[in-house]
2 protein chains.
Amino acid sequence: MRVEASAASERPVPARPNLAAVAALAGVSASTASLAFSGAGPVSEPTRAKVFAAAEALNYAGPDPRAQSLRRGRSGIIGVVIDDRLRDAFRDPANISMLDGLADELGGAGLAMLLLTDTGEGAAGISLAPMDAVVLVGCSTELHSSVKIFRQRGIPVIAIEAEHMPDVFPIDLDNRDATALGARHLKQLGHENVAVVSLPLESSHARGPLTREREAASGSFTARQRILGARDVYPNLVGVASAGSFIEEGLIAGRALLAATPRPTAIIAQSDLLAVGVIRAAAELGIAVPADLSVLGFDGVSVEGVAPLELTTLVQPSVEKGRAAGRAAIALLDGGEPDPIAFVCVLRMGNSTGPVNS
Amino acid sequence: MRVEASAASERPVPARPNLAAVAALAGVSASTASLAFSGAGPVSEPTRAKVFAAAEALNYAGPDPRAQSLRRGRSGIIGVVIDDRLRDAFRDPANISMLDGLADELGGAGLAMLLLTDTGEGAAGISLAPMDAVVLVGCSTELHSSVKIFRQRGIPVIAIEAEHMPDVFPIDLDNRDATALGARHLKQLGHENVAVVSLPLESSHARGPLTREREAASGSFTARQRILGARDVYPNLVGVASAGSFIEEGLIAGRALLAATPRPTAIIAQSDLLAVGVIRAAAELGIAVPADLSVLGFDGVSVEGVAPLELTTLVQPSVEKGRAAGRAAIALLDGGEPDPIAFVCVLRMGNSTGPVNS
DNA sequence: GGAGATCCTCGAATCGATTCGATCGATTCG
DNA sequence: CGAATCGATCGAATCGATTCGAGGATCTCC
């Protein structure tokens with residue numbers, strides 16, 4: 001294809017110009033023009049100037065990312081798969097911090113985040129989008145088929161807090177041990193009648209009492225591990241599943257649990273937001289925290305609305321978790337084989353837990 | 001290039017198979033194989049089966065999205081540009097609702113969201129990522145250069161609450177009129193000494209008193225419009241800019257404003273989170289709301305932590321705003337020319353405002 | 001002045017798929 | 001039984017760039 005210099009003036013609205021057109025107008029070959037734009041090879045100053053002038057004249061915006069990504073085999077896009085609806089995922093500060101760390105690390109490497117959900121219609125994007133790597137966040141088992149596709153495509157997969165799978169790089173959190181640590185703290189305070197409010201167990205986000213069957217069938221690795229951790233200390237633990245990590249849900253769950261007789265003297269909430277809800281439920285019922293009820297949280301995010309109470313909670317390095325995922329993605333893209341990463345939580349003492357009041 | 005049926009067994013780890021390899025193994029042409037996968041043309045059942053069998057045998061994951069997007073000129077990706085750090089953007093429920101509406105609408109059309117920020121290093125993605133359309137959220141003026149690139153590329157741009165620009169499809173909110181409406185409500189209650197807490201004015205997110213110069217130079221269209229709306233009723237309005245739409249920031253701003261003499265009898269906050277912060281500042285100082293101080297919010301999100309108070313606020317249709325942006329993006333992609341969209345807020349009466357106590 | 005090194009520039013192959021028009025065989029209709 | 005029709009398949013062009021090896025010009029140094 002030849003493009004005359006005059007062609008530009010003949011057609012007022014030409015098809016979008018491409019590199020070839022620019023090169024032609026500049027009187028150089030396409031390869032040289034490419035070099036001029038990418039700066040990847042030696043190009044003399046006058047030539048470079050000619051190319052840029054031609055680009056300017058043709059109103060050329062630079063190499064087409066689509067073509068670039070085909071040729072280079074890289075799109076600069078990292079998929080982030082959330083198992084929730086966006087609204088839900090973004091409602092929990094711990095999650096947001098994680099995404100923030102992720103975005104920070106990826107952005108620094110010139111990579112962008114493609115937000116995907118594994119449920120509903122948005123799931124199509126999972127196999128259709130051009131991605132260089134994928135980070136699964138709290139992914140459910142429904143993702144196994146997607147993971148297979150990623151593997152076939154040679155797309156590295158990073159999973160945050162998920163069951164280990166072959167060819168999936170894990171970023172772990174000691175959900176079980178941390179919860180056990182928290183539970184032992186309660187035990188030391190003398191609590192024996194303890195209940196738990198869990199994160200959603202299924203993607204249906206159904207509320208309701210925990211049963212061993214439900215737990216076993218649960219797609220939420222995190223929720224399950226935290227339940228197990230609590231059971232390590234309180235084998236006969238009872239509890240309810242929430243429909244999401246929100247204060248409102250903690251309130252609902254708290255009401256349910258506190259209506260039981262005998263009333264639990266301590267409640268383990270699987271997130272700080274849930275813990276705040278539980279505390280609010282207690283307030284409603286005139287139950288004093290921590291005198292009559294101890295509440296343990298998880299995440300260590302600063303939550304509004306329980307002042308002057310300060311949550312006793314298991315602090316997890318949310319931001320670092322995201323960062324680690326980002327770094328892992330970058331390393332895997334470069335063909336590296338980073339070491340698996342496991343984070344641990346720290347028990348931060350607040351005053352939402354106290355000795356049992358018998 | 002010919003690929004023998006036996007080649008697959010010779011090379012244990014072949015370069016990733018492509019459509020041509022699958023077609024060769026199936027004994028059909030690449031065009032037919034393409035038809036079989038896309039279902040876009042007539043393909044006999046036996047042929048289709050042969051193709052899929054070959055794909056299975058070669059462990060082919062389906063057409064490469066990169067190549068597809070080059071050929072079809074579509075990537076299925078919609079860019080979403082946030083002017084904030086992710087962390088900040090996700091901290092405000094109004095923003096999240098908007099993103100949720102957007103995600104919902106886009107997901108339904110098989111499109112995925114590419115999250116971008118216009119500041120820092122992540123900004124590179126703006127011109128490098130393969131996007132079919134872009135939604136600017138609360139974009140600053142720094143985006144003008146990016147918008148130029150989008151225009152050159154023929155990428156439709158949708159801007160939510162931004163200054164109108166040629167070739168940019170606007171989704172508007174009556175920020176000014178709505179704020180004026182709220183201000184008139186305060187006026188009717190007899191308030192004369194009114195102050196405002198604004199959203200960040202610059203991308204530096206600097207706190208500090210409002211000045212006409214700062215307002216004029218501000219990159220935040222929304223903040224400016226809301227200030228203007230308040231000025232429509234209270235021309236000599238004073239106020240401070242916050243560093244973000246957070247409760248904590250409202251608290252800081254509230255303390256500053258309530259330290260003035262004479263103390264304002266009403267404060268207009270440019271978001272509900274800021275309003276809650278202001279109320280908390282009042283509580284700190286022993287100032288009763290609404291008896292001694294009226295506080296007006298904006299957004300109409302349900303905010304925790306001011307019970308039993310209920311915020312008087314300007315309710316905006318956040319989710320609908322996002323949905324409208326999504327629909328506009330889809331329509332523009334189809335070459336349509338949707339009508340500009342403008343949403344209006346509704347003043348919802350709570351009990352955080354009341355008659356001036358003189 | 002010629003051999004060799006340097007520096008630019010170019011041609012051609014390639015990335016992996018889609019799509020239009022052409023072709024070929026089988027079926028149907030008159 | 002010939003012609004028109006229809007369905008399935010194929011070839012070739014195309015999307016827009018990158019990259020490698022080769023080639024030509026210029027310069028250096030002996």
Side-chain angles (χ1 to χ4, degrees), chain A residues 1-3 14-51 54-55 58 60-76 127-130 132 152-155, chain B residues 1-3 14-51 54-55 58 60-76 127-130 132 152-155:
Chain A
M1 178 204 302
R2 288 234 330 256
V3 175
R16 240 151 270 300
N18 56 14
L19 189 58
V22 172
L25 178 59
V28 301
S29 74
S31 12
T32 304
S34 173
L35 265 356
F37 275 107
S38 68
V43 176
S44 73
E45 188 43 44
T47 305
R48 153 183 258 92
K50 265 194 301 183
V51 172
L58 290 177
Y60 178 67
D64 185 321
R66 281 181 276 261
Q68 280 190 140
S69 73
L70 170 59
R71 181 63 235 234
R72 310 170 87 124
R74 285 285 173 83
S75 60
S127 46
L128 265 58
D132 296 343
Q152 289 182 323
R153 287 238 160 82
I155 299 177
Chain B
M1 177 203 303
R2 287 236 328 259
V3 175
R16 241 151 267 302
N18 57 15
L19 189 58
V22 172
L25 179 59
V28 301
S29 74
S31 8
T32 303
S34 174
L35 265 356
F37 275 108
S38 68
V43 176
S44 72
E45 189 43 44
T47 305
R48 154 183 257 92
K50 265 193 301 184
V51 172
L58 290 175
Y60 178 67
D64 185 322
R66 280 181 277 262
Q68 279 190 141
S69 74
L70 170 58
R71 180 63 234 235
R72 309 168 87 122
R74 286 284 172 83
S75 60
S127 47
L128 264 56
D132 296 343
Q152 289 181 323
R153 287 238 159 82
I155 298 177

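Side chains included, hydrogens not; waters and symmetry mates left out as well; all remaining heavy atoms used. Note on naming: letters A, B, ... go to the chains in the order of the sequence lines (proteins, then strands), and numbering restarts at 1 for each one.
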What is the distance from [atom1] of [X] to [atom2] of [N], rounded to the nearest Å?
X        : N       : atom1 : atom2 : result
Asp64(A) : dT14(D) : CG    : P     : 18 Å
Arg71(B) : dC15(D) : CZ    : P     : 7 Å
Leu19(A) : dG11(C) : CG    : P     : 14 Å

Legend entry - Nucleic acid footprint by protein, nucleotides 20-28 of chain C - heavy-atom cut-off 4.0 Å, B for base, S for sugar-phosphate alone: ---------
Inset, instruction - Output the distance between atom CG (Leu70(A)) and atom CZ (Arg71(B)), rounded to the nearest 0.5 Å. - result: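 Reported to 0.5 Å precision, the distance equals 12.0 Å.
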Inset, instruction - Find the distance between CG (Leu128(A)) and OG (Ser69(B)) and round it off to the nearest 0.5 Å. - result: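 If I round to the nearest 0.5 Å, the distance is 11.0 Å.
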Inset, instruction - Please collect all ring pair (Phe, Tyr, Trp, His ring centres under 6.0 Å) contacts where either partner lies in residues 24-46 of chain A, sequence neighbours excluded, each pair once. - result: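 Qualifying pairs: Phe37(A)-Phe52(A), Phe37(A)-Tyr60(A).
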If you compare all heavy atoms of [X] against all heavy atoms of [Y], which two are closest, and at what distance to 0.1 Å?
X         : Y        : result
Ser127(A) : Pro65(B) : O-CG, 4.3 Å
Leu25(B)  : Leu58(B) : CD2-CG, 3.7 Å
Arg153(B) : Gly62(A) : NH2-O, 3.2 Å
Gln152(B) : Arg16(A) : O-NH1, 2.9 Å

Inset, instruction - Mind checking Pro63(A) for me? I need base, sugar-phosphate or nothing, with any heavy atom below 4.0 Å counting as a touch. - result: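 Sugar-phosphate contact only - Pro63(A) comes under 4.0 Å of backbone atoms but never of a base.
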Inset, instruction - Would you mind classifying the nucleic acid contact of Ser44(A) as base, sugar-phosphate or nothing, using non-hydrogen atoms under 4.0 angstrom? - result: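 Result for Ser44(A) = sugar-phosphate.
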Legend entry - Strand DNA chain C in bracket notation, Watson-Crick/G-U under 3.5 Å with | for pairs to another chain: ||||||||||||||||||||||||||||||
Inset, instruction - Decide, yes or no, whether a salt bridge links Arg66(A) with Asp132(B) under the criterion of side-chain N to carboxylate O below 4.0 Å. - result: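 So Arg66(A) pairs with Asp132(B) through a salt bridge.
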Inset, instruction - Would you please confirm or rule out a distance under 4.0 Å between OP1 or OP2 of dC10(C) and any side-chain N or O of Ser29(A)? - result: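 Looking at the OP1 and OP2 atoms of dC10(C), one of them is under 4.0 Å from a side-chain N or O of Ser29(A).
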Legend entry - Most 5' of Ala67(B) and Gly41(B) on DNA chain D, judged by nearest nucleotide: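 The answer here is Gly41(B).
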